[in-house]
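Predicted model only: the values in this text are computed from it and were never measured. By convention here, the first residue in the shown sequence is residue 1. Any value given below was found using the heavy atoms of this structure, including those in side chains, with hydrogens, waters and symmetry copies removed.
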Amino acid sequence: TGSEVTLFKTGDRVWYAGDISRPGSNSALQLVDERIAAIAPTSLSDVEAAALPLTVITAWETLFERFALTRESRGKLLIIGGAGGVGSIAIQLARQLTGMEVIATASRPESREWCLEMGAHQVVNHHKLQEELTALGITQVDAIFCTNATAEHWATMAGLIRPFGHICTIAESSEPWDLSLLKSKSVTFSQEFMFTRSLFQTPDMIEQHRLLGRVAALVDEGVLQTTLTRTIPSLTPVTLAQAHAEVEAGRMVGKLVIDMSGFAN
């Protein structure tokens, strides 16, 4: 702990997602601003806890800041990419902390089952999105959280979103999105990047500290669970490359973590 730290004391067990403007994402040790860290949940191991902060901040900011959902919110929420790290925790948060009907997308049996385990009310195949939603009697949704392949799903999302609805994405695109498709419905479109607060040192940067503290309490209360599904032992150049390759393959269910418990300072 640095001389100006007031939120923690030496020896506190914390969790955080880091700051993209600082080095250390592939390092054993990092220097982190106290405003984006919080006391870690006591009910999770280090590896189980490490699976959550980046994805839970992303999902929380999308659901409760971009969409402004509350426990009283009702309607249909579509999460595209429900089995991934962000989708996995977004399903849990929406199911546990809002009144929304949660519809997730997944294309494989194992990813479909995972989405249902996370709490999705319905799971549809994103390769047949319009068709399978229609079969369920769903012609429009109130909000869409797109966690991948935004360009691929753009036209379908524009067709599915209700008038005055909201679409938020975390996925980048090499092609510009045709926002004119949203005009006639007065649809809100936004993007979420959980590193914005730390990158620009925004006045409300401490909100991520508070957010992670609330999530830790929800985990310890049994409301939320870790999304860890894959652990790679030890941090080496070889295991690091392996971890990146598995994530970049686009087949991940839940979250992958490198176990550094054997690392010696």
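A donor-acceptor distance shorter than 3.5 angstrom exists from the side chain of Arg13 to the backbone of Pro41, with no hydrogens or angles considered. Looking only at distances, no side-chain donor or acceptor of Thr227 sits under 3.5 Å from a matching main-chain atom of Ile89. Side-chain atoms of Asp33 come within 3.5 Å of backbone N or O of Arg35 as a donor-acceptor pair. Between the side chain of His209 and the backbone N or O of Ile36 there is no donor-acceptor pair closer than 3.5 Å. In this structure, Asp142 contributes its side chain and Lys76 its backbone to a donor-acceptor pair below 3.5 Å. A side-chain donor-acceptor contact under 3.5 Å links Gln201 to the backbone of Ser198. With Trp154 contributing its side chain and Asp178 its backbone, the two residues share a donor-acceptor pair below 3.5 Å.
In this structure, the separation between CD1 on Ile103 and CG on Leu133 is 6.0 Å, given to the nearest 0.5 Å. Between Thr156 atom OG1 and Ile161 atom CD1 the span is 12.5 Å, to the nearest 0.5 Å. The CZ atom of Phe145 lies 7.0 Å from the CZ atom of Phe67; values are rounded to the nearest 0.5 Å.
Residues Thr239 and Ser234 share a closest heavy-atom pair of OG1-O, 2.8 Å.
Both Phe195 and Phe64 sit in one connected hydrophobic cluster of ILVMFWY residues. Membership requires side-chain heavy atoms under 4.5 Å apart, directly or through other members. At a threshold of 4.5 Å between side-chain heavy atoms, the hydrophobic network of Ile, Leu, Val, Met, Phe, Trp and Tyr places Leu78 and Leu136 in one connected group.
There is a side-chain donor-acceptor pair under 3.5 Å between Thr150 and Thr169.
Gln225 pairs by the side-chain contact (heavy atoms from CB on, under 4.5 Å) definition with Gln92, Glu117, Met118, not counting sequence neighbours.
Relative ring orientation between His126 and His153 is described as perpendicular, the plane-to-plane angle rising above 60° on a 0-90° scale split at 30° and 60°.
The residue from Glu65, Glu192, Glu207 that alone fulfils the salt bridge (Lys or Arg N to Asp or Glu O under 4.0 Å) condition with Arg197 is Glu65.
The shortest side-chain heavy-atom distance between Leu97 and Leu218 falls under the 4.5 Å cut-off. A heavy-atom distance below 4.5 Å is found between the side chains of His166 and Ser190.
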* Decide yes or no on side chain to side chain donor-acceptor pair (under 3.5 Å) for Glu61 and Gln208, but give the supporting numbers first. => CA-CA 9 Å; Glu61 290 182 349; Gln208 291 192 344; 2.9 Å; yes

